[in-house]
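The structure appears right after this line, and notes come after that.
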4 protein chains.
Amino acid sequence: MAYKTPKEVQERKDEKKRQILITASRVFASRGYHNTAVKDIVDEAGISVGSFYFYFKNKEDLFETLYDEATSMILNSIRKVLNEGEEHFTNKICKVTVRSLFIFNEFKNLTRIMMIEAVGLNPNFEHKRVQSTRRFSDYMEQFFESLKREGHINFPDIAIASTAYIGTIYNVIMRWLQESNENSLTEYAYPLIVYNLQALNLDFSEDEVRKNIRDALVQSGEMKWGVHNGAEKVE
Amino acid sequence: MAYKTPKEVQERKDEKKRQILITASRVFASRGYHNTAVKDIVDEAGISVGSFYFYFKNKEDLFETLYDEATSMILNSIRKVLNEGEEHFTNKICKVTVRSLFIFNEFKNLTRIMMIEAVGLNPNFEHKRVQSTRRFSDYMEQFFESLKREGHINFPDIAIASTAYIGTIYNVIMRWLQESNENSLTEYAYPLIVYNLQALNLDFSEDEVRKNIRDALVQSGEMKWGVHNGAEKVE
Amino acid sequence: MAYKTPKEVQERKDEKKRQILITASRVFASRGYHNTAVKDIVDEAGISVGSFYFYFKNKEDLFETLYDEATSMILNSIRKVLNEGEEHFTNKICKVTVRSLFIFNEFKNLTRIMMIEAVGLNPNFEHKRVQSTRRFSDYMEQFFESLKREGHINFPDIAIASTAYIGTIYNVIMRWLQESNENSLTEYAYPLIVYNLQALNLDFSEDEVRKNIRDALVQSGEMKWGVHNGAEKVE
Amino acid sequence: MAYKTPKEVQERKDEKKRQILITASRVFASRGYHNTAVKDIVDEAGISVGSFYFYFKNKEDLFETLYDEATSMILNSIRKVLNEGEEHFTNKICKVTVRSLFIFNEFKNLTRIMMIEAVGLNPNFEHKRVQSTRRFSDYMEQFFESLKREGHINFPDIAIASTAYIGTIYNVIMRWLQESNENSLTEYAYPLIVYNLQALNLDFSEDEVRKNIRDALVQSGEMKWGVHNGAEKVE
DNA sequence: TATGAATGAGCATTCATTCAT
DNA sequence: GATGAATGAATGCTCATTCAT
């Protein structure tokens, strides 16, 4: 009587849901949220409307899933770098910058969704977006705060410092998203890090920074990014 | 029958158009572009739909007009500061920062429209937005480039420097837009300027910066902001 | 500046709304609520979907309007008969029966909507229907109660008496609705009245009842029925 | 492998079908036909959609089965009373009324389905409903007709008399369905019977009627109601 | 100029039913 | 027999835009 869903079936379901997500991230990134009809996604994904609604509550649910994946991926990455180990704080700043750029570069569609398509979607979602953006700020703020307590930096307003720092990364990404060529976002790591290290009045040597960047890139390449491991990046 | 001179007629037309713009900026800022129906605006403005389409080609035309006003106001302000006079470049950076913050603060609705509602609207508008954003970058880039040529700064990548600089301002404004209290945006001028001056490795004295900020604020308050003069700021 | 909507325009609007109601009552009566798409109504009425939603909030709003017209027409008629004048109570019962049958007969589509299509529509509407049905019962109950107080009738349970009385009318109408021929509903007035007068143990003479029916019919024919006067019955 | 005899298999099928019916009657009664999705029923019943379609042709088939059970239960009951034995016709009227009320009371969900949810479902079903309703009328009409032939009653229009009689019962049930308290429907038997006996101008003594009601109730309690025997009433 | 009634393409979502496993 | 993933037709409703008055 009790029917146990075979593991295999569950796997196929997960795979299909993933396929929809992958397709949707592509379509949303190129056409925008409001310009994308559910029909567009299901046609592109080769499934029926009914199937779509079997896997997602509605259009916004799908979008939210993508948005959440993007933000949690970045947030986890930052958290890991900042919390882990005994590394020197300058190295941490290098690493956190590089690793973020690496992820944004890898998941360009998700980045576009997170940074452009999700903005000003509608009042409800805007609230969610503000909350999640806030989490990034808070993380950096706590980190900078600890640096200040330990006397490493001496900046008049830590909240503004972290906000400014994130702003620099944000805007470099925006510029990259708008470039037509296929540069890697990580190429901007060096000047970006220098800009912020100087801004915080932290000592550093060029060589050391460059070495850190190289190391961080290698590490990043070797990592598994949450559900998006290997070939199945949602792109 | 009262007979109007063409000039009077034209003035009344302009006045009505202005009223629509003022109302629209309020409505768009609070409800968002997609969540705002033309009906919402005309109801709020106390006019008819037909009238609306007499003054504007369509909904997007209205939005573009608002967006253009916002960007040109800021762009003009920056242009003026950077081009004018023999002032010391540190002062110019102070001034350009303060004056931008001042304008954004004064026209909060337009700011919101420009920074949130205009983002990811649709592919067409996104193209326009990228173009206009680019103009800001180019301006700062040229300025920084000239500083580099003159040997005042020595930064590995000027394009990234200007992008980062604009990013810091952008993100501070975003934070301010999301704050519930009614702080003036200009209160963040000092740390913001310090962050960027240090980032560019420019010498400065705290007192001088503070004085510059005060002066710039006074000057800003005395200026006429484009079409938005006096009491009729589009707010 | 202030534009006064011409009376003529308002009249045309009212007329159009009325036309939609008339068409809708026909369509709902023949196809049923759930089987009728908004498209069906607007096609039949020769208008556009947009127009429909200009005049009515939604499909249910339209249906409610029809339902309310039907119930208020009947309720007003009953109220008028029971409250008016010094007539003998037997006459009143004759009159209230005849006049109700007359109206139901005149507005067959509305009757069908009220008695069949509105039943079990959905939980919300069901609540409304129960309330409005209750009003009929209460009216008759009060009337019967007053007759009891004055010693004219002596029945064990007035609430059940009024419920039963209304039930007899209801079921005769249902039978008539299902008949294929085109009998007038009022032909059933005589036996129906006799059934109920006897049930209440009221004395009456056949001739008098017949005369009352004739009079009531004449009066009914001369009356204006709310908004539905003359040729524009919603049929 | 346990080997089942065909009979055991059949019994298990019947049992499952019955469970679905019981659940469905509850769900339809509380949510209404159109507001109930097949999914709602199968979820509540703890089975799969596929199973559902194994036991029933479709949603309407299920509903029809419930409707048919309800009507045939009542019809059989009436038939039995009217046809059986040499009882006095007044007693028969008492009994038929009481027993009907008893059944409606016992199977409240089915009653609700039959009297509310089944009304105005769709043109097809409406046709079926009219047919089955008609059968009740015809039964009573034949009975009244025979009474008239035998000179026991003298009413101008027997068809209307039976229609009216059924209407009184119908409307009392409707009132009871809408009451929030948990009165037994059979409490209304006495006034209802009196109303109709008087309407038909039949002599009766209060005591005799009361006795008949008591007897009929006892008998009803001892009966088996069609397929719904014992503890498994479809409720 | 001003008005607002009229238009209809467009879209998100539901749900009864099927059928491969 | 049982399951539930897959289907897609059907539908209510919105809203930018037009145009006769």
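Worth saying up front: this structure is predicted, and the values here are computed from it rather than measured.
- The side chain of C/S51 lies closest to E/dT7, out of E/dA2, E/dT7, F/dG12.
- Test B/E64, B/E126, B/H34 against B/L121 for side-chain contact (heavy atoms from CB on, under 4.5 Å) and you get one pass: B/H34.
- Residue B/F54 is in sugar-phosphate contact alone, with no base atom involved, counting any heavy-atom pair closer than 4.0 Å across all strands shown.
- Between C/V49 and B/V49, the residue anchored closer to the 5' end of DNA chain F is C/V49, taking for each the nucleotide with the nearest heavy atom.
- Ring centroid separation for the pair D/F63 and D/Y67 does not come in under the 6.0 Å cut-off.
- Toward the 5′ end of DNA chain F lies the nearest nucleotide of D/I47, the other residue of the pair C/E60 and D/I47 mapping further downstream.
- Taking 4.5 Å as the limit, some side-chain heavy atom of C/I47 sits within range of a side-chain heavy atom of C/K16.
- Note on B/F56: nothing from the nucleic acid sits closer than 4.0 angstrom, heavy atoms only.
- Distances from the side chain of B/Y53 to the nucleotides F/dG8, F/dT17, E/dT17 place F/dT17 closest.
- Using a 4.0 Å heavy-atom distance criterion, D/Y55 is classed as a sugar-phosphate-only contact.
- Both C/K16 and D/K59 lie near DNA chain E, and the one whose nearest nucleotide falls closer to the 5' end is C/K16.
- Distance alone, capped at 3.5 Å, is enough to place a donor-acceptor pair between the D/K59 side chain and the D/Y33 backbone.
- Searching all strands for a Watson-Crick or G-U wobble partner of F/dT21 with both distances below 3.5 Å returns E/dA2.
- Listed nucleotides F/dA2, E/dT17, E/dG4 differ in distance to B/S48; the shortest reach to its side chain belongs to E/dG4.
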